[in-house]
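To start, the structure under review is shown below, and the notes come after it.
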Amino acid sequence: MTTALLLTLIALALVDSMSFGTLGIPVYMLVVADRFRASRMFVYLGTLATFYFLIGVALLLGLTAFMENFQDALQSRTAYWVQLALGVGLFALSFKFDPKRREKQGKPSRRLEPRLGGPGGMVALALTAGVLEVATMVPYLAAIGMMTNASLPATQWLPILAAYVLVMITPPLLLMGLRGIVGGWLAPKLERLRNWITKNSESMVGWALGIVGFLLARDAAFYIFFK
């Protein structure tokens, strides 16, 4: 477990914490003051974190078995060239998630407004957000791929994976704590943040793709040109 890998995983977790499911929906819940309940926030975030953790465990176990058979091939220069191409491709793809392109095409910007409910509704909302984001959880998949490529034993990747999902849900927990302390001062700022997230949810996907693409390309370039 190198320092570079640990810092990269922290960076990816922070990128994941900015997604609509991990930040947008919790901020929306905080803004709707007349219906806000801390218990619902804990249920939502707990369910989402558990979902991500279990998906990660399943993927890591599957990838670990895969790596045992194809480790030499996946750590070859050819594999790193493929990773470099994938990283550059994701970085290029990120520019397609630009709201200005929709404006030029005469299409309205996408705005997402989640529906709140009781504890059962929060579990359903978290699972729905998790399932919908499976296709776009590129940072998470990149983190899992890096941990697998580093051949970390389960005694290491299990706590790292748990820490990853905790970092993911830390921003909304901090905002919830601030709301309880300085609610009057924070309320208008949360409202502006909610409006910004719902308005820019599409561009946030682009940013996530761009950052992950850069990290993948940087990791591959290091092994190709400097190792």
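The analysis underlying the following values was restricted to heavy atoms, covering all of them including side chains, and did not include hydrogens, waters or symmetry mates. All values reported here derive from a predicted model rather than from experimental measurement.
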Assess the pair Phe53 and Trp157: is the distance between their ring centroids shorter than 6.0 Å? no

If you measure from CG on Leu161 to CG on Leu54, what distance do you get to the nearest 0.5 Å? 9.0 Å

What is the distance from atom CD1 of Ile25 to atom OG of Ser19, rounded to the nearest 0.5 Å? 8.5 Å

Can you tell me how far apart CG (Leu152) and CG (Leu60) are? Round to the nearest 0.5 Å. 8.5 Å

Ile160 CD1 to Leu6 CG distance, which is reported to the nearest 0.5 Å: 7.0 Å

Please find the pair of heavy atoms, one from Ala217 and one from Leu84, that lie closest to each other, and give the distance. O-CD1, 3.5 Å

Quick one: side chain to side chain donor-acceptor pair (under 3.5 Å) partners of Thr47, sequence neighbours excluded? none

By side-chain contact (heavy atoms from CB on, under 4.5 Å), which residues pair with Pro153, not counting sequence neighbours? Thr155, Gln156

Is there a path from Leu5 to Leu7 through hydrophobic residues (I, L, V, M, F, W, Y) whose side chains come within less than 4.5 Å of each other? no

Is there a side-chain contact between Leu175 and Pro26 (heavy atoms, below 4.5 Å)? no

Applying a strict under-4.5 Å side-chain criterion to I, L, V, M, F, W and Y, I'd like to know whether Leu174 and Met29 cluster together. no

So, for Leu45 and Pro172, which heavy atoms are closest and what is the spacing to 0.1 Å? CD2-CG, 3.9 Å

I want to check something: taking the side chain as every heavy atom from C-beta on, are Val57 and Leu158 in contact at a cut-off of under 4.5 Å? yes

Are Ile224 and Val82 joined in one hydrophobic group, where the rule is that I, L, V, M, F, W and Y side chains link up if heavy atoms are under 4.5 Å apart? no

Across all chains, not counting sequence neighbours, the ring pair (Phe, Tyr, Trp, His ring centres under 6.0 Å) partners of Tyr140 are Tyr52, Tyr164

Contact check, side chains of Met122 and Ser39, non-hydrogen atoms, under 4.5 Å: no

When every non-hydrogen atom of Val15 is compared with those of Pro139, the smallest separation belongs to CG1-CG, 3.7 Å

Please tell me if the side chains of Thr78 and Trp81 come closer than 4.5 Å, counting only heavy atoms from C-beta onward. no

Is Val165 close to Ile169 at the side-chain level, that is, under 4.5 Å between some pair of heavy atoms? no

About how many Å separate OG1 of Thr22 and CG of Leu14, when rounded to the nearest 0.5 Å? 10.5 Å

Once rounded to the nearest 0.5 Å, what's the spacing between atom CG of Leu48 and atom CE of Met168? 5.5 Å

How close do Pro171 and Leu23 get, heavy atom to heavy atom, and via which atoms? CB-CD1, 4.3 Å

